Amino acid sequence: MTEQQLDDWVSRLADEVIADAKSRGIKVVCASGISPSGPIHLGNLREVMTPHLVADEVRRRGIDCEHIISWDDYDRFRKVPRGIEGVDDSWAEHIGKPLTAVPPPRGSDASSWAEHFRRQLEGALADLGIRYRGISQTQQYTSGAYADQVIFAMSQRSEIDKVLDQYRTLQRADAPKPQQKLDADQEAAAAEAAEGSGAATEDDGATTSGYFPYKPFCTVCNTDFTTVTAYNDATAELTYTCRCGHTETVDLHTFHHGKLVWKVDWPMRWAYEKVVFEPSGVDHQSPGSSYVVGKQLAPIFGWERPIGPMYAFVGIKGMAKMSSSKGGVPIPAEALQIMEPPLLRWLYARRRPNQAFDVAFDAEIQRMYDEWDALARKVSQGAGQAGDVAAWTRAISTADGELPQTAYPVAYRTLASIVDITTGDEDQTLRIVRQLDPADPAPGLDALRPRLDCVEHWVATRMAPEDRTVVRTAPDEQALAGADREALRILLDGNGKDLSRIEDDWSLDGLTHQVYGVPKVQRGLAADQIVKGDKELSAAQRAFFKQLYQLLIGKDTGPRLPTLLLAIGPERVRTLLGG
RNA sequence: GGGCCCUUAGCUCAAUGGGUAGAGCUGCGGACUUUUAAUCCGUAGGUUCCGGGUUCGAGCCCCGGGGGGCCCA
């Protein structure tokens, strides 16, 4: 099956990319650009996963290919993100500095803001089996790697300005007059939008003294609140002034303390790295966005805009209050605490880039896992449609080999329910798990990992309180008083005939026999008598079970009783059931 | 005001470069002495958002419109 070429959206993009690289006589280079300006969330992961999947498909076909990740860590620190632990308003003093010159959140041992957030992602990328070459833009710019490109861009500034100006005037001409007052919400949203990232809102380099696509960071205060006031094309000497009062003339041949504005920086790098494939988010779809403008700017640098689908946003389903108080949207590392790498890969591989999807952190994750397990079963039987098989293959493996998988996969929801009632007790967990399939019992808990670790983390941090099973610590005397005491006595002590004391066979099977036997002997039947289609008996069983759940955990329903009893233990069961 | 994406069964989505619309979940029915399930089998369910056009043939391509999402101004 691995011999056969996969057939899905990734494969079709790879066809395109390979053909393009071939026609230009170059190696396939797929690129991602990540700005470590704050937590790099699951939406940003699409920026990495999409080129990764394409690059990986190219490699699977035995064609040389590279995936680069440009860390845009020389971007300016725009604003202080809210809700990040160890960060407060005092970080505002760093606004305008390169991200690598901003201190990391308190408590981090990273060397800078950029490194702190970059490292969080790097760990997850390793777990996900993503192979790439990381390129720090700080490193590139400050080393002078782009010096020629910077000087070239400056020499082409009127050309560049002309392109950018099309959109500037277009936007003004088409802008409708504001006809109604904005309400408070709209105003706040507008302010947020104006202040926020948004490639198109970025300063494109226009100043009152002319257009310059390069912006220096001030050598005194290290911010980019600078204005270029003069430039000499013959000598590459540039003069700037800064908000802080500093003024200086520098030679761009040797001065490497600034960067091209984003809309110019991007096309320059396409050319510099010979990028053939680089997707972008839907925020680049509007006219005047860097991706649209880049199509016209790339030729100036002797390149053409790479193939680049727009990818839709990734939503998060079921963020409990804990995360909202904690502030941000979850990052890949957090997702990997509750789901295995192949599952996360699958979520990104199964949907085409233009489809939005959600990553579930709530109980929906159980359904996701059910689907995943069903897919694995289907594929192992040789069934499944082309797209399904492709997504599954991309999820569990890369061109470099297979990712670690759980040897003995038990359904996520089953494990969740077991971990919930055993509160993580390993002996009990193992005992219950081994009962699941007596014909092929789990060899040990290690065979259940890493999925079990994910489940334990999910139960501990994400399971909804109302779904949790909380065993009573003391008997509910009132409920006990109204209970069917005879039934409880038979359950605990037997009926002196075919049901014995509950402790006598304290096993899953024994307890099953016991709990189902009680309503039968109460009705004069043998405890193990086979009864078919007796509606009354069914009703009696249900009522009896409901009573037990109430006495044990204060709810009408819960985990299967034998399992629950096993987890609670005989002494506590006797206490809670009155004797 | 402009742009991009989406619109298929109750829900989530498929449909190898036009060729009789399929899965999963849910629902319903049944089996299993084993719940309100952690099993298995069966089954129902669609005017493919609407209107035109191209074609022998359109879920798919073209035009117009509706609805939803997002971006920009």
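Source: prediction; values computed, not measured.
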TODO: Look at A/Gln355 and B/A14 and indicate whether a side-chain polar atom (N or O) is within less than 4.0 Å of OP1 or OP2.
DONE: yes

- [ ] Hey, which sits more toward the 5' end of RNA chain B by its nearest nucleotide, A/Phe357 or A/Thr414?
- [x] A/Phe357

Task: Proximal nucleotide (of B/G24, B/U35, B/C13) relative to the A/Glu371 side chain - done: B/G24

Open item on the list: With a 3.5 Å limit on both atom pairs, tell me what B/G67 is paired to, counting Watson-Crick and G-U wobble, or say none.
Closed with: B/C6

Task: Inter-nucleotide C1' distance (B/A58, B/G19), Å rounded - done: 10 Å

TODO: Taking atom C1' in both B/U20 and B/U48, compute the distance separating them and give it to the nearest angstrom.
DONE: 14 Å

Open item on the list: Using the P atom as the point on both nucleotides, what is the distance between B/U26 and B/U39, in whole Å?
Closed with: 10 Å

Open item on the list: Quick one: does any side-chain atom of A/Ser417 pair with a main-chain N or O of A/Arg413 as donor and acceptor, under 3.5 Å?
Closed with: no

TODO: Taking all non-hydrogen atoms of both residues into account, name the closest pair between A/Gly308 and A/Tyr291 and its distance.
DONE: O-OH, 3.1 Å

Task: Donor-acceptor pair under 3.5 Å, A/Lys520 side chain vs B/U33 base - done: yes

Open item on the list: Closer than 4.0 angstrom, basic N to acidic O: yes or no for A/Arg61 and A/Glu57?
Closed with: yes

TODO: Specify the residue among A/Asn354 and A/Arg350 whose closest nucleotide of RNA chain B lies further upstream toward the 5′ end.
DONE: A/Asn354

